[in-house]
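In what follows, residues are counted from 1 in the order of the sequence shown.
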Amino acid sequence: MSSVTLKGLYKKYPGGVVAVSDFNLDIADKEFIILVGPSGCGKSTTLRMVAGLEEITEGELYIDSTLVNDTPPKDRDIAMVFQNYALYPHMSVFENMAFGLRLRKTPKDEIKRRVEEAAKILEIEHLLDRKPKALSGGQRQRVALGRAIVRNPKVFLLDEPLSNLDAKLRAQMRTELTKLHQRLATTFIYVTHDQIEAMTMGTRIVVMKDGFIQQISSPQVLYDTPVNLFVAGFIGSPQMNFADATVLDEGGVTYLQFGESKIALPEAKGRKPEVLAYAGREVILGIRPECIHDEEMFLTQFPDSLVKMTVDVVEAMGNETYLYMNSDGRNFTARVSNRSSAKANDVIKVAFDAKRIHLFDKETERTITN
């Protein structure tokens, strides 16, 4: 078993700076947990508290139901993989991977067995005699992972391990890490600011901002039902579109008006008491790029949610097209079919899928409805 429990963790620095506030999380055995958020949100500090590299100011940390607040890092049975690999340049790949085991006085034949086993899993057996300077970035990352694997730790901690790789290699390594997690059947706690990594790899995601947890859930739940404006804007690429809109209750139908545009909400969403409570008031409308359509079939399907847009930029991505548009000075991005005929400076009508509109309170930024 390798469960991890964080109860009311705080990290406070001299001068009153609070990096992490009231962090509560139960991580089950074999889970792949992602901590995600912008730079400075406290995710790496949280990871370092789990590792024992940062002292916990308040709260309790349990690994396998054992309180480890005062346990030295070397005795926590965790392994950490850093952003910069931290390989010893004068040692071979084999020696780098074996280093931690030698410090623990592991027998030589056991070291050889573990290193070769890890190298096989990571497909770097042919690199064991090379020095780090003779390796590519992706190969160095695998060596850093191998050094952690040979330890057979209860918990793997990974601090932005792919951020130094190019885009193609990052995508490849995401897949490799997911397969590695399945093969090792060990608990992974992974820190990143890249929400694509979070969405594709994690069983659950912890979204952080300013030291506080904003929401904890599966990737799809975060995407479909964000609890506030920050989560809605952070999760998803391109990010969700936002616009100020006024809620109108007219003749038993709820409308959203922004500029010259007026969108009817479907009854199941628009007649909710929590939405009607905002009648006559401004809210923030949110809609994902893939929920804005320019094809004729959608214009016919959603006649009560048509919006006139001026196309600013068209990006043809091959399998799809991004339209960057504006309506009365409000900017919107649409992810549409590659068959779209829209061109820059065109004035077109698009259809909002009103069932997929999100509404947020302007003051609290909390979600009114998803």
Side-chain angles (χ1 to χ4, degrees), residues 1-6 9 23-37 41-54 61-66 68 73 76-86 97 100 114 117-118 121-124 138 140-165 169-208 213 216-222 235:
M1 290 290 288
S2 46
S3 62
V4 181
T5 301
L6 300 86
L9 288 199
F23 192 102
N24 292 279
L25 179 64
D26 288 314
I27 303 171
D29 181 38
K30 300 182 180 63
E31 253 200 299
F32 198 138
I33 285 282
I34 307 265
L35 306 184
V36 69
C41 72
K43 55 190 186 295
S44 289
T45 303
T46 302
L47 196 76
R48 290 172 67 84
M49 284 194 284
V50 175
L53 302 177
E54 289 277 3
L61 173 65
Y62 295 88
I63 297 178
D64 284 350
S65 304
T66 301
V68 296
R76 293 192 181 191
D77 203 5
I78 53 96
M80 192 158 179
V81 179
F82 295 93
Q83 178 179 349
N84 61 358
Y85 319 137
M97 290 172 66
R114 286 204 205 175
E117 194 175 88
I121 289 171
L122 294 164
E123 298 179 356
I124 53 173
R140 290 180 194 176
Q141 187 59 73
R142 287 169 189 264
V143 175
L145 285 166
R147 187 174 52 193
I149 290 170
V150 296
R151 297 253 316 278
N152 293 330
K154 288 181 178 176
V155 183
F156 279 88
L157 308 178
L158 301 103
D159 191 4
E160 305 209 28
L162 308 186
S163 59
N164 288 337
L165 305 180
L169 200 49
R170 268 205 311 274
Q172 181 186 332
M173 285 301 294
R174 284 202 306 267
T175 307
E176 292 301 321
L177 279 171
T178 302
K179 290 195 291 188
L180 182 62
H181 172 252
Q182 293 165 352
R183 197 175 297 147
L184 297 176
T186 310
T187 305
F188 276 40
I189 307 176
Y190 187 104
V191 159
T192 182
H193 64 271
D194 185 331
Q195 53 91 23
I196 294 176
E197 284 179 27
M199 291 292 287
T200 53
M201 294 164 65
T203 48
R204 280 192 302 158
I205 301 173
V206 181
V207 183
M208 296 183 68
I213 293 174
I216 305 172
S217 201
S218 66
Q220 198 61 50
V221 169
L222 286 178
I235 298 295

Worksheet entry | Residue among Ile189, Thr203, Val155, Val206 satisfying side chain to side chain contact (heavy atoms under 4.5 Å, CB included) with Ile27 | Ile189
Atom pair [atom1] ([X]) and [atom2] ([Y]), whose distance is rounded to the nearest 0.5 Å:
X: Leu169; Y: Gln141; atom1: CG; atom2: CD; answer: 9.0 Å
X: Leu157; Y: Met80; atom1: CG; atom2: CE; answer: 6.0 Å
X: Arg174; Y: Met201; atom1: CZ; atom2: CE; answer: 8.0 Å
X: Asp64; Y: Thr187; atom1: CG; atom2: OG1; answer: 8.0 Å
X: Thr5; Y: Asn24; atom1: OG1; atom2: CG; answer: 10.0 Å
X: Glu117; Y: Met97; atom1: CD; atom2: CE; answer: 10.0 Å

Compare every heavy atom of [Y] with every heavy atom of [X], then report the nearest pair and how far apart it is.
X: Gly202; Y: Ile34; answer: CA-CG1, 3.5 Å
X: Ile196; Y: Thr200; answer: O-OG1, 2.8 Å
X: Arg76; Y: Val68; answer: NH2-O, 2.9 Å
X: Ala198; Y: Pro219; answer: O-CG, 4.3 Å
X: Ala51; Y: Pro73; answer: O-CB, 3.4 Å
X: Leu61; Y: Val50; answer: CD2-CA, 3.6 Å

Worksheet item: Between Phe188 and His181, what is the ring plane arrangement, given parallel below 30°, perpendicular above 60°, and tilted in between?
Response: perpendicular
How about [X] and [Y]: does a side-chain donor come under 3.5 Å of a side-chain acceptor?
X: Thr192; Y: Glu197; value: yes
X: Asp29; Y: Ser2; value: yes
X: Tyr190; Y: Glu160; value: no

Practice prompt. Start with the C-alpha distance between Leu180 and Ile149, add both sets of side-chain angles, then the distance that settles side-chain contact (heavy atoms from CB on, under 4.5 Å), and finish with yes or no.
Written response: CA-CA 10 Å; Leu180 182 62; Ile149 290 170; 3.6 Å; yes
Item to complete: Could you please spell out the steps behind the side-chain contact (heavy atoms from CB on, under 4.5 Å) verdict for Ile33 and Ile216?
Response: CA-CA 10 Å; Ile33 285 282; Ile216 305 172; 5.6 Å; no
Short question: side chain of [X], backbone of [Y] - any donor-acceptor pair under 3.5 Å?
X: Thr186; Y: Leu184; result: yes
X: Arg142; Y: Glu123; result: no
X: Arg147; Y: Gly100; result: no
X: Lys43; Y: Val36; result: no

Fill in: Salt-bridge present (Glu176, Lys179; N to O < 4.0 Å)
yes
Does any non-hydrogen side-chain atom of [Y] lie less than 4.5 Å from one of [X]?
X: Val150; Y: Asn152; value: no
X: Thr46; Y: Leu35; value: yes
X: Glu54; Y: Leu47; value: no

Fill in: Partners passing salt bridge (Lys or Arg N to Asp or Glu O under 4.0 Å) against Arg204 (at least two apart in sequence or in another chain)
Glu31
Discussion item. Would Ile63 and Asp77 count as a side-chain contact (heavy atoms from CB on, under 4.5 Å) here? Give the steps.
Written reply: CA-CA 9 Å; Ile63 297 178; Asp77 203 5; over 6 Å; no
Worksheet entry | Set of ring pair (Phe, Tyr, Trp, His ring centres under 6.0 Å) partners for Phe23, sequence neighbours left out | none
Item to complete: Show your reasoning for whether side-chain contact (heavy atoms from CB on, under 4.5 Å) applies to Leu145 and Leu122.
Response: CA-CA 8 Å; Leu145 285 166; Leu122 294 164; 4.3 Å; yes
